[in-house]
Amino acid sequence: MELRWDPILREWIIVSDERGKRPLLPENFCPFCPGSEEVPSSGWDVLSIPNKFPSLRPDPPEPRIKSDRFYRCSLSRGVCEVVIYTPEHNATLADLSVKNIRAVIDLWAERFSDLGKRDYVKYVFIFENKGRVIGVTLDHPHGQIYAFPFIPPIVKREIESSKRYWKRNGKCLFCAVIEREKRDAVRIVCENDDFICFLPFFARWPYGVHIYPKRHVGAITDLSSDERDSFASILKRVLRKFDNIFNMSFPYMMVLHQKPTDNKQYPFYHFHVEFYPPYREKNKIKYFASVETGAGTVTFDYTPEEKAKELRESPET
Ligand code: ZN
Ligand code: ZN
Ligand code: FE
């Protein structure tokens with residue numbers, strides 16, 4: 001296991017052959033249900049545990065391949081954790097009460113600050129892959145955390161743009177997006193006192209909403225207690241809307257974009273959540289095919305305005 005540098009795209013690849021050799025789990029066995037190996041049988045609502053097949057480790061083995069000046073390798077140093085949202089095997093994040101979603105948010109914040117403090121962790125990436133169609137094999141509701149030894153490329157790009165905007169305009173690029181989305185109004189999905197959810201003008205996925213705190217904060221650890229409640233509440237509303245669009249448990253990728261934890265200052269960065277749901281219509285999958293994957297350019301076969309309207313009108317019950 002090691003990191004390999006791609007000198008053409010200038011980014012790290014995480015090579016972990018151990019993961020490819022993960023054993024198949026016996027049917028009907030859930031490693032995240034209470035009472036199984038690392039999961040206490042009671043006394044918890046939400047839990048984080050080490051990922052049993054991590055692609056990043058606090059004490060990684062030396063790379064098998066010698067790094068040279070042209071083909072560079074590095075240690076796969078980091079942490080991979082699993083966040084089990086609830087002891088309830090058949091629930092989803094959308095089914096949890098706002099209070100229990102708040103508990104998930106508190107755990108995210110705690111893990112962000114704990115992992116972020118380690119000197120080898122430059123970026124704490126909190127995410128959820130949900131649904132078989134995304135490739136998730138375990139149904140038990142859970143998310144994951146990757147504590148990276150580098151700032152991943154998408155975040156890096158957001159940092160470069162927002163830093164430039166901050167320098168040129170003296171204000172936050174993300175705040176400017178929120179302001180503009182509020183003014184245009186047609187792409188707003190829902191909002192409350194502290195948070196707003198919209199399908200941005202530049203949406204990449206048919207239902208790919210973004211959720212932003214209205215106050216300029218860089219990470220969930222900067223949110224007040226009331227704001228964390230508002231965050232839980234809007235998350236629940238958005239997830240309910242998702243499930244109600246096609247009357248199915250809606251698959252998605254959900255990522256938290258927060259400031260890096262490399263001890264540098266990021267006053268220009270603004271925390272937000274992004275969703276990438278793979279559906280574009282009922283029973284129709286949006287593939288990131290050649291144009292998206294090979295050219296890096298997204299094709300959006302609708303308008304963000306019409307998709308936002310669908311979501312706005314989708315019930316929250
Ligand atoms: Zn389970
Ligand atoms: Zn901002
Ligand atoms: Fe982002």
Side-chain angles (χ1 to χ4, degrees), residues 25-42 44-47 49 52 82-93 95-96 123-128 130 132 136-144 148 151-182 194-205 208-220 222-223 227 231 249 252-260 265-276 298:
L25 288 164
E27 230 177 299
N28 297 323
F29 169 77
C30 175
F32 301 154
C33 266
S36 97
E37 223 177 315
E38 310 122 287
V39 181
S41 46
S42 66
W44 59 279
D45 290 325
V46 53
L47 199 67
I49 58 169
K52 268 194 96 174
V82 172
V83 177
I84 307 173
Y85 294 152
T86 166
E88 207 65 53
H89 183 83
N90 290 313
T92 67
L93 191 56
D95 297 325
L96 300 196
Y123 195 83
V124 180
F125 186 61
I126 299 175
F127 64 100
E128 177 183 358
K130 180 187 173 227
R132 300 261 163 162
V136 182
T137 45
L138 293 167
D139 291 327
H140 198 114
H142 70 284
Q144 299 185 58
F148 285 105
I151 302 173
I154 299 216
V155 180
K156 214 171 189 170
R157 227 165 127 182
E158 289 192 354
I159 286 169
E160 282 160 11
S161 315
S162 52
K163 190 177 187 174
R164 188 166 62 183
Y165 192 88
W166 183 272
K167 275 188 185 155
R168 289 187 183 171
N169 303 281
K171 67 175 193 178
C172 165
L173 171 62
F174 306 95
C175 284
V177 167
I178 296 168
E179 222 172 89
R180 179 57 189 261
E181 290 296 341
K182 273 186 162 169
D194 306 310
F195 279 80
I196 184 162
C197 172
F198 50 81
L199 201 62
F201 173 73
F202 46 86
R204 302 169 71 86
W205 296 79
V209 301
H210 292 193
I211 301 177
Y212 277 86
K214 291 179 179 174
R215 192 162 67 83
H216 181 75
V217 295
I220 31 178
D222 302 327
L223 295 173
E227 285 170 329
F231 183 23
S249 185
Y252 57 74
M253 295 167 262
M254 172 183 75
V255 312
L256 272 58
H257 278 165
Q258 307 188 77
K259 66 188 174 190
Q265 294 303 309
Y266 295 91
F268 45 83
Y269 199 73
H270 193 132
F271 156 62
H272 56 279
V273 183
E274 296 182 19
F275 281 90
Y276 320 127
V298 171

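Both ligands and their constituent atoms are indexed starting at 1 by order of listing. Note that these values count all heavy atoms, side chains included, but never hydrogens, waters or copies made by symmetry. Just so you know, residue 1 is the first one in the sequence shown, and it goes up from there.
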Given the side-chain rings of Y212 and F198, with only the six-membered ring counted for Trp, is the space between their centroids under 6.0 Å?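 When the ring centroids of Y212 and F198 are compared, they turn out to be within the sub-6.0 Å range.
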Under 6.0 Å between ring centres, would you say that holds for F174 and Y269?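 So the answer is yes for these two rings.
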Taking the Fe ion (ligand 3) as the vertex, how big is the angle to OE2 in E274 and OE2 in E158, rounded to 10°?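 That angle works out to 110° after rounding to 10°.
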Need one value: angle at the Fe ion (ligand 3), H257 atom ND1 versus H272 atom NE2, rounded to 10 degrees.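 Between ND1 of H257 and NE2 of H272, at the Fe ion (ligand 3), the angle is about 100°.
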When you measure from the Zn ion (ligand 2) to each N, O or S atom of H270, which atom gives the shortest distance?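 Nearest N/O/S atom of H270: ND1.
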Closest to the Zn ion (ligand 2), which N/O/S atom of H216 is it?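 Of the nitrogen, oxygen and sulfur atoms in H216, the Zn ion (ligand 2) lies nearest to ND1.
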Can you tell which of H142, E128, H140 makes a side-chain hydrogen bond (donor to acceptor under 3.5 Å, both in side chains) with Y85?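 The option that passes is E128.
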So if I apply the side-chain hydrogen bond (donor to acceptor under 3.5 Å, both in side chains) rule between H270 and each of H216, Q258, H257, which one comes out positive?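 That would be H216.
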For the Zn ion (ligand 1), find the closest N/O/S atom on H140 and give its atom name.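 That would be atom ND1.
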May I have the angle between C30 SG and H89 ND1 with its vertex at the Zn ion (ligand 1), rounded to 10°?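 Centred on the Zn ion (ligand 1), the SG/ND1 angle is 100° (to 10°).
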In plain terms, say whether E37 and K52 are close enough for a salt bridge, that is, a side-chain N and a carboxylate O under 4.0 Å apart.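 Looking at E37 and K52, the cut-off is met.
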